[in-house]
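Inspection log for the structure reproduced underneath, given as structure tokens.
Numbered from 1 within each chain, the chains take letters A, B, ... in sequence-line order.
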Amino acid sequence: MRLRFAPSPTGYLHVGGARTAVFNWLIARNGGGTFVLRVEDTDRARSSDEHTQVILDGLTWLGVDWDEGPFFQSEGVERHRADAYRLLEEGKAYRDFSDSEAVRAEAQERGMHPSRVAREKMQELGAEETERRAEAGEPFAIRLLVPDGETVFHDLVHGEMHFGNEDIDDLVILRSDGTPTYNLAVVSDDAEMRITHVLRGDDHLSNTPKQVLLYRALGYSEPVFAHVPLILGADGKKLSKRHGATAVGDYSKEGILPEAMMNFLALLGWSPGDDREFMTRDELIEAFSTDRLLKSASVFDTDKLAWLNGRHLAEHPDAELVAHVRGILDEEESFRPELLGDTEWIGELLEVIKPRARTLDDLADQARPFLCDELHFESKAVAKHWEKDPTSAIDRLDALLDAFDGISWTREDLETALRTRAAAMDVSAGKLIHPLRVSLTGNMASPGIFDVLALLGRERSRNRMEDGVERIRRR
RNA sequence: GCCCCGGUCGUCUAAUGGUUAGGACACCAGGUUUUCAACCUGGCAAUCGGAGUUCGAUUCUCCGUCGGGGUACCA
């Protein structure tokens with residue numbers, strides 16, 4: 001089994017393309033096949049090395065690795081050209097000297113397809129004249145001469161497909177400037193690379209009969225086709241930039257984990273058949289099969305992706321999470337990277353912040369009060385728990401400073417001390433906890449307050465509490 | 001216009017010629033709790049419409065409708 005992913009480097013790696021890549025990769029890995037990467041850069045004007053690199057990086061990030069390539073379609077132009085000329089010599093294609101603009105206008109006028117007008121012109125011209133003009137160096141395009149009849153092929157997703165050849169135009173296979181067109185290039189390349197399974201987006205379904213005709217005309221053996229449905233935006237329209245993030249790179253920037261992205265993408269247009277949704281890479285490879293591919297388009301639901309990411313986050317190795325958090329917090333001036341060295345402490349921290357985070361960005365936000373000295377005070381928290389009743393807030397922080405004085409700094413003892421003091425003051429524990437949380441984290445919400453105290457340690461906690469008292473006084 | 005593809009809760013999906021049409025995300029309610037999450041319990045919610053085949057169709061067929069793709073000397 002030989003499969004391929006063949007993106008054109010005219011933009012970033014779109015999630016739809018990424019999903020196609022994932023499907024191909026999954027099939028290859030599941031069945032011991034070979035996965036080939038081919039960059040379709042025949043459209044020179046729109047292609048760039050930069051885009052190619054972005055696409056390669058995106059695949060690598062996702063964990064989609066290739067066994068062969070990347071090959072570049074532009075490297076095969078000589079072969080493409082040779083294929084086109086062979087068809088010409090064999091009478092399966094013809095020269096088209098006409099001006100494409102004029103032909104299109106005429107076709108429009110006569111209600112015909114442009115290629116049929118071109119075919120008519122070719123026939124009017126006659127073989128001799130055609131030959132003469134070619135020898136005189138007049139430029140021409142080469143069109144495939146579509147035979148009468150019907151083109152039938154099998155699609156793994158859609159079943160047997162029938163197309164009447166009268167609906168297939170005599171497509172240009174070689175432009176008048178000598179460059180091959182897409183349909184010829186893919187067929188020639190897929191044949192050359194001995195691709196056995198072509199799985200791609202539904203948008204290529206209508207191209208397939210043309211390509212099948214090309215395979216047959218060239219005498220190349222046809223691959224098995226599978227056309228997977230498209231991915232839509234939340235409004236049910238084709239996913240585009242106005243839906244927000246559509247590039248794989250956008251999601252990596254937002255703190256989505258690659259294994260979560262792959263998991264989510266695999267579930268768009270495919271399902272394992274049971275109720276499993278959270279799946280590791282290995283589980284996906286194990287479970288994947290083309291016969292469970294779906295026919296209908298699906299909507300890219302970022303909420304579900306976020307949920308899935310949270311699940312993967314919980315299973316992700318701590319060391320890597322720490323590296324990500326460091327990357328994000330490095331921007332922060334008061335960041336103290338040396339704290340990351342204490343693996344036991346970091347482990348405890350991650351344990352309490354992981355369930356509160358869905359993305360790596362969330363995780364960094366949660367970790368910030370513990371890893372940075374400078375707090376970002378949430379105005380809502382300050383207003384509610386400090387400013388509404390500043391006197392009580394100060395009293396309560398002072399009381400806690402006193403209550404915590406000299407005790408062993410453990411979750412249990414801290415809790416006992418706080419609750420005892422609350423009882424003595426005849427207030428609920430929450431009344432002490434809320435202003436305390438603001439002083440320790442600057443936030444409205446945080447992990448359990450005794451976890452926060454323990455994680456911060458005596459020194460940093462007391463400093464922040466004292467600083468809190470100062471801040472309230474100054475207001 | 002012509003050709004082609006598709007249509008199960010808001011979303012991702014499961015299922016079968018006969019089921020109370022299942023699960024998940026989201027949402028709502030309750031529990032837990034110092035907050036926010038996480039977690040537990042419960043709830044809301046779907047077979048695009050119309051014919052036909054059949055004892056019985058969500059499932060099979062046709063028509064319609066809606067959505068999508070193609071119809072380039074783009075890929």
Side-chain angles (χ1 to χ4, degrees), chain A residues 6-10 40-43 45-47 73 96 98-101 103-104 111 113-115 118 139-143 155 157-158 161-164 166-169 171-183 185-186 201-210 227 229-230 232 234 236-238 264 267-278 292 294-308 310 314 352-358 362 366 381 385 415 418-419 422 428-434 436-438 441 443-450 452:
Chain A
S8 46
T10 53
E40 312 228 306
D41 59 345
T42 45
D43 184 0
R46 291 198 296 150
S47 301
Q73 192 154 60
D96 176 7
S98 53
D99 172 66
S100 60
E101 288 302 317
V103 167
R104 206 177 308 173
H113 193 279
S115 74
F140 57 86
I142 297 180
R143 285 184 186 272
D155 187 286
V157 177
H158 297 281
M161 300 292 305
H162 296 252
F163 288 82
E166 65 279 6
D167 293 318
I168 303 173
D169 55 288
L171 59 146
V172 167
I173 54 179
L174 198 71
R175 298 186 189 95
S176 47
D177 66 359
T179 60
T181 59
Y182 166 74
N183 283 301
V186 245
D202 248 352
D203 49 341
H204 287 287
L205 196 50
S206 304
N207 281 324
T208 309
K210 301 174 196 171
H227 288 93
L230 265 21
L232 312 175
K237 303 283 183 195
K238 191 182 172 183
F264 179 70
L267 257 22
L268 247 32
W270 176 82
S271 89
D274 48 38
D275 284 338
R276 277 184 297 169
E277 297 204 282
F278 173 84
R292 294 204 61 88
L294 258 25
K295 292 182 164 91
S296 55
S298 42
V299 172
F300 194 90
D301 180 5
T302 49
D303 276 338
K304 192 146 187 172
L305 171 60
W307 167 76
L308 210 42
V352 300
I353 63 176
K354 271 202 286 194
R356 274 159 247 268
R358 291 193 140 192
D362 286 347
Q366 294 283 339
H385 298 303
E415 179 158 8
L418 184 141
R419 291 195 188 284
S428 68
K431 292 282 188 234
L432 299 186
I433 288 170
H434 294 307
L436 175 61
R437 168 172 292 112
V438 178
T441 68
N443 294 328
M444 198 81 165
S446 80
I449 200 71
F450 306 109
V452 175

I'd like a table of atom pairs between the protein and nucleotides 60-63 of chain B - only N or O on both sides, under 3.5 Å - with the distance next to each one.
none

Filtered N/O pairs between nucleotides 41-46 of chain B and protein, under 3.5 Å:
none

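We find that CD1 of Ile433(A) is positioned 12 Å from P of C36(B), with the value rounded to whole Å. Protein atom NE2 of His385(A) is 11 Å distant from nucleotide atom C1' of C36(B), rounded to whole Å. With rounding to whole Å, Lys295(A) atom NZ is found 13 Å from U8(B) atom P. One can place CG of Asn443(A) at 13 Å from P of A37(B), the figure rounded to the nearest angstrom. The separation between His434(A) atom NE2 and C36(B) atom P is 8 Å, rounded to whole Å. Protein atom CG of Asp177(A) is 14 Å distant from nucleotide atom C1' of A72(B), rounded to whole Å. Taking atom CZ of Phe450(A) as the reference point, atom C1' of U33(B) lies 11 Å away to the nearest angstrom. Distance CZ (Phe278(A)) to C1' (G23(B)): 17 Å, rounded to an integer number of Å.
Checking C55(B) for Watson-Crick or G-U wobble geometry (two distances, each under 3.5 Å) identifies G18(B) as its partner. Shown here, C27(B) forms a base pair with G43(B); the pair counts as Watson-Crick or G-U wobble because both key distances fall under 3.5 Å.
Each of C4(B), U34(B), A26(B) was ranked by its minimum atom distance to the side chain of Arg419(A); first place goes to U34(B). Of the candidate nucleotides A75(B), U34(B), G6(B), A75(B) has the atom nearest to the side chain of Gln73(A). Listed nucleotides U34(B), C73(B), A26(B) differ in distance to Trp307(A); the shortest reach to its side chain belongs to A26(B). The Arg358(A) side chain lies nearest to A26(B) when the options are C73(B), A38(B), A26(B). For Arg143(A), whose side chain is taken as the heavy atoms from C-beta onward, the closest listed nucleotide among G6(B), U34(B), C73(B) is C73(B).
The residue Thr42(A) sits close only to the backbone: its heavy atoms come under 4.0 Å of sugar-phosphate atoms, none of a base. In this structure, Arg104(A) reaches the sugar-phosphate backbone alone: every heavy-atom distance under 4.0 Å involves primed, P, OP1 or OP2 atoms, never a base. Residue contacts shown for Ala141(A) include a base, since a base heavy atom lies under 4.0 Å away. Residue-level contact check: Thr302(A) touches neither bases nor backbone, having no heavy atom under 4.0 Å from any strand.
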Report summary line: Given protein heavy atoms under 4.0 Å, the one-letter contact record of nucleotides 10-17 of chain B, with B base, S sugar-phosphate only and - none, is simply -SBSSS--

Requested in this report: Could you encode protein contacts along nucleotides 65-71 of chain B as a string, one character per nucleotide from 5' to 3', using B for base contact, S for sugar-phosphate-only contact and - for no contact, with a heavy-atom cut-off of under 4.0 Å?
Outcome: ---SBSS

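In terms of the ring pair (Phe, Tyr, Trp, His ring centres under 6.0 Å) criterion, Phe450(A) has no residue partners (sequence neighbours excluded). Taking Asp169(A) as the reference, nothing meets the side-chain hydrogen bond (donor to acceptor under 3.5 Å, both in side chains) condition, with sequence neighbours excluded.
Side-chain contact check for Thr179(A) and Asp177(A): at least one donor-acceptor pair (N or O, by modelled atom type) lies under 3.5 Å.
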